[in-house]
Protein chains: 2
Amino acid sequence: MRAGTKGVPRADRETQILDAADRLFGAGGYASTSVDAVAREAGISKPLVYQYFGAKDGLFAACLSRATHTLVDAIEDVARGESVGLERGVLTLAAIFATLEPHPYTWRLIFDGSAPADGPTRRARQEYQDRIVDLARDGVGEMLTLAGVSDPLDRDAMTVVWLRVVDALVDWWLEHPEQSADDMVRRSVRLITAVAASPASAPPPPSAI
Amino acid sequence: MRAGTKGVPRADRETQILDAADRLFGAGGYASTSVDAVAREAGISKPLVYQYFGAKDGLFAACLSRATHTLVDAIEDVARGESVGLERGVLTLAAIFATLEPHPYTWRLIFDGSAPADGPTRRARQEYQDRIVDLARDGVGEMLTLAGVSDPLDRDAMTVVWLRVVDALVDWWLEHPEQSADDMVRRSVRLITAVAASPASAPPPPSAI
DNA sequence: GTGGTAACTTACCGGAAAGTCAGTTCGACG
DNA sequence: CGTCGAACTGACTTTCCGGTAAGTTACCAC
């Protein structure tokens, strides 16, 4: 490919690069995705990526911001509503699935364990991911309080469990792309109901442990 | 450090290396842990690791086998018992926490996403990890059947959710090392009970979605 | 003692991927 | 038509890491 401009304005190219990066980071994670691969996926060369985003973690941070922005809005919307407990949980799931429907893999980069912990990524995280975690903690705390559980450690533990449950559902979704967001919501409701209605929902006698 | 033997027999050294690798793989994952770091952690040099384990994925496979072996036994023990539904779930959690108590980070390498998908690791996975997944699917399927849910896709989705819940609890445990295995079991029971007892456990009206 | 073997290390190779340089091409505007 | 800046690239350097070669030390059997 010869050098020289192809007449694509910077803003457009940046969007293309972010789309490509979103796909690859979402599929393979930060660590095992090379900038060169992103460039190829976007149909351009590596130096252009560096010219526009500075460094690999700058690219990732930009991806992260764009991805998280709409999600946070949707989740905050539910939080402002009047639902509580498991109902709020289900509504939140519905909001997440609906937002994610065009490209579910986006969820993966929000909790990518191989992403850098400092630099621009840290800033993007503080701006958005922490807000998701805070919202989750609020919802979980509310639900536990209603159920008579008030220990802050319980609340923290339940928060990470809840986030991981969402993670698992999205992962399962990625392996079943034929499912619609609505399918996913209905399935989640069935599963939550099944757990809640499970006959042996009382704790087993301590002697059994 | 001069070359030459230090008089440590191979079996002992192998155990030391596996201990070090277990720690580092558990903390940072396969991809971001270098063989050199494992060697330093074990107090020896890199070539010795290669001499004993052949390659990086051989080392990881050895780690994985050792880690999973006792876990599978413990979980199978519960599966052979007569408990079902959530009670079986809690008993399984208790068995996992008890087995993991000496070094909880071991759990992480069982489901390390950055581990290689073929070679020796594949074999180790087939031998052990797949059995954990199968056991989980059995237990989950049984529980869902009792609750009147029979869709195989529901069962598969619930299986990955359940495994991720265990994952989340172990992760939380790693950040709260002062908690005993028994503490973790009691906490899990409290959380499961809270979900089951949550007032709004009926699905919300479709119109709300 | 002395030779053989098991336990070790320093110093290196080669590839992959982050990041950089020195440009080349093209459209826009005078 | 000239020229200036924005878009764009091939080729390079650097760093890190998996893996290896070749040699050193110490124990042990005879």
Side-chain angles (χ1 to χ4, degrees), chain A residues 1-21 24-25 27-63 112 114-121, chain B residues 1-21 24-25 27-64 112 114-122:
Chain A
M1 181 75 71
R2 279 164 41 224
T5 182
K6 296 171 195 161
V8 180
R10 173 168 186 154
D12 293 11
R13 208 49 117 181
E14 281 181 346
T15 310
Q16 290 172 15
I17 295 174
L18 284 180
D19 286 346
L24 295 192
F25 282 141
Y30 179 85
S32 61
T33 301
S34 76
V35 176
D36 207 53
V38 172
R40 270 199 310 274
E41 174 91 3
I44 45 114
S45 72
K46 187 169 57 154
L48 194 60
V49 178
Y50 279 95
Q51 185 174 330
Y52 287 170
F53 295 96
K56 188 183 181 184
D57 60 352
L59 173 62
F60 184 81
C63 257
D112 184 351
S114 71
D118 52 356
T121 307
Chain B
M1 180 75 72
R2 278 164 42 221
T5 182
K6 297 171 194 163
V8 181
R10 175 167 182 156
D12 293 12
R13 207 51 115 183
E14 280 181 347
T15 309
Q16 291 171 14
I17 296 173
L18 284 179
D19 287 346
L24 295 192
F25 282 141
Y30 179 84
S32 62
T33 300
S34 75
V35 177
D36 208 53
V38 172
R40 271 201 308 275
E41 174 91 3
I44 45 119
S45 73
K46 187 171 56 154
L48 195 59
V49 178
Y50 279 95
Q51 185 174 330
Y52 286 170
F53 294 96
K56 189 183 182 184
D57 60 350
L59 174 62
F60 185 80
C63 257
L64 195 58
D112 184 350
S114 71
D118 52 355
T121 306
R122 180 169 181 78

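The shown structure was predicted, so the numbers you read here are calculated from the model rather than taken from an experiment. In what follows, chains are A, B, ... by sequence order, proteins preceding strands, each numbered from 1.
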Problem set entry | Interatomic distance, A:Leu48 CG vs D:dT9 P [rounded to whole Å] | 6 Å
Problem set entry | Partner set under side chain to side chain contact (heavy atoms under 4.5 Å, CB included) for B:Ala3, not counting sequence neighbours | none
Exercise. Which pair of heavy atoms, one from A:Val38 and one from A:Ala20, lies closest together, and at what distance?
Worked result: O-CB, 3.9 Å
Exercise. In chain order, what residues pass the side chain to side chain contact (heavy atoms under 4.5 Å, CB included) check against B:Tyr50, with sequence neighbours excluded?
Worked result: B:Val35, B:Lys46
Problem set entry | A:Asp36 CG to D:dT9 P, straight-line distance once rounded to whole Å | 12 Å
Exercise. Nucleotide range of DNA chain C contacted by chain A, 5' to 3', under 4.0 Å to a heavy atom?
Worked result: C:dA17 to C:dC26
For this session: To the nearest Å, give me how far apart CD1 (A:Ile17) and C1' (D:dA7) are.
Result: 11 Å
Exercise. Within this structure, what is the CD-to-P distance between B:Gln51 and D:dA21, rounded to whole angstrom?
Worked result: 13 Å
Exercise. Hey, can you pull the residues of residues 3-11 of chain A with a non-hydrogen atom under 4.0 angstrom from DNA chain C?
Worked result: A:Ala3, A:Gly4, A:Thr5
For this session: Give B:Ser34 one of three labels, base, sugar-phosphate or nothing, depending on what nucleic acid heavy atoms sit under 4.0 Å from its own.
Result: sugar-phosphate
Exercise. B:Thr33 near the nucleic acid: base, sugar-phosphate alone, or nothing, with a heavy-atom cut-off under 4.0 Å?
Worked result: sugar-phosphate
Exercise. Can you tell me how far P of D:dA26 sits from CE of B:Met1, to the nearest Å?
Worked result: 12 Å
Problem set entry | For atom NZ of B:Lys46 and atom C1' of D:dG19, their distance in whole Å | 7 Å
For this session: Rounded to the nearest 0.5 Å, what's the gap from NZ on B:Lys56 to OG1 on B:Thr33? Could you check?
Result: 6.5 Å
Problem set entry | Gap separating the CD atom of B:Gln16 from the CD1 atom of B:Ile44, nearest 0.5 angstrom | 8.5 Å
Exercise. Quick one: side chain to side chain contact (heavy atoms under 4.5 Å, CB included) partners of B:Ser32, sequence neighbours excluded?
Worked result: none
Exercise. OP1 or OP2 of D:dA26 sitting under 4.0 Å from any side-chain N/O of B:Arg2?
Worked result: yes
For this session: Measure across B:Ala62 and B:Leu18 and return the closest heavy-atom pair with its distance rounded to 0.1 Å.
Result: CB-CD2, 3.8 Å
Problem set entry | Results of ring-ring contact (aromatic ring centres under 6.0 Å, His included) for A:Tyr30 - residues two or more places apart only | A:Phe25, A:Phe60
Seminar exercise, completed: Separation of D:dC17 atom P from B:Lys56 atom NZ, nearest Å, is 9 Å
Exercise. Do A:Arg13 and A:Gln51 touch side chain to side chain, with heavy atoms closer than 4.5 Å?
Worked result: no
Exercise. So what does A:Tyr52 hit on the nucleic acid, given a heavy-atom distance under 4.0 Å: a base, only sugar-phosphate, or nothing?
Worked result: sugar-phosphate
Exercise. Which one, D:dC17, D:dT20, D:dC8, comes nearest to the side chain of B:Pro47?
Worked result: D:dT20
